[in-house]
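By convention here, the first residue in the shown sequence is residue 1.
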Amino acid sequence: MPEFMDVHHNMKGITADQLREAHQADLAIERDEQVHFKQAWADPESGVVYCLSEAPSAEAVQRIHERAGHKADEVHPVPLSV
């Protein structure tokens, strides 16, 4: 299954609890689009959040994020990793 890294901007001041809550919201509905969110990272100072997922498409990732209430600003395929 292809991997994707998505980016959310303008989340300055996000806390660990808020990041966990947003990630759980994705996990609760991810199966609807055959997506699996593997991990999320945040930089509260800059307000940038990153999410790594496996999904059939970038559009599927975005649909889950939109339904969970936090649309991604960018979704990038990750065709190569080491």
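Side-chain heavy atoms closer than 4.5 Å link hydrophobic residues (I, L, V, M, F, W, Y) into clusters, and following such links, possibly through other members, connects Val48 to Leu52. Note on Leu27 and Met5: separate hydrophobic clusters, where clusters join Ile, Leu, Val, Met, Phe, Trp and Tyr whose side-chain heavy atoms are under 4.5 Å apart, directly or indirectly. Ile29 and Val49 fall into different hydrophobic clusters, where Ile, Leu, Val, Met, Phe, Trp and Tyr are joined by side-chain heavy atoms under 4.5 Å apart, directly or via other members.
Remark: the backbone N or O of Lys12 is not paired with any side-chain donor or acceptor of Glu45 at under 3.5 angstrom.
Within the model, atoms CD1 of Ile14 and OG of Ser46 stand 10.5 Å from one another, a figure rounded to the nearest 0.5 Å. Here OG1 of Thr15 is found 3.5 Å from CD of Gln18. Values are rounded to the nearest 0.5 Å. Separation of atoms CG (Leu19) and CH2 (Trp41) is listed at 10.5 Å; rounding is to 0.5 Å.
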Evaluation steps, side chain to side chain contact (heavy atoms under 4.5 Å, CB included), between Val7 and Asp73: CA-CA 6 Å; Val7 184; Asp73 295 299; 5.6 Å; no

Verdict with reasoning, His36 to Glu54, per side-chain hydrogen bond (donor to acceptor under 3.5 Å, both in side chains): CA-CA 5 Å; His36 173 59; Glu54 293 179 331; 5.7 Å; no

Show me the donor-acceptor pairs within less than 3.5 Å that the side chains of residues 74-82 make with the rest of the protein, sequence neighbours left out.
| unit_1 | atom_1 | unit_2 | atom_2 | d |
| --- | --- | --- | --- | --- |
| Glu74 | OE1 | His76 | NE2 | 2.7 |
| Glu74 | OE2 | His9 | NE2 | 2.8 |

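Take His23 and apply the ring pair (Phe, Tyr, Trp, His ring centres under 6.0 Å) test, not counting sequence neighbours, and it matches no residue.
Side-chain atoms of His70 and Asp26, non-hydrogen and from C-beta on, do get closer than 4.5 Å to each other. A 4.5 Å side-chain heavy-atom check between Met11 and Pro44 finds every atom pair outside the cut-off. Contact of the Lys71 side chain with the His8 side chain is not registered, since no non-hydrogen atoms from C-beta on lie closer than 4.5 Å.
Taking the six-membered ring where the residue is Trp, His65 and Phe37 present tilted rings, their angle falling between 30° and 60°.
Of all heavy-atom pairs between Ala60 and Ser57, the closest is N-OG, 3.1 Å. Taking all atoms of both residues into account, the shortest heavy-atom contact from Val61 to Val35 is N-CG2, 4.1 Å.
Ion pairing between Arg67 and Glu33 fails under the 4.0 Å rule for side-chain N and carboxylate O.
Within 6.0 Å of CD on Glu66 lie more than 12 heavy atoms contributed by other residues, nucleotides or ligands.
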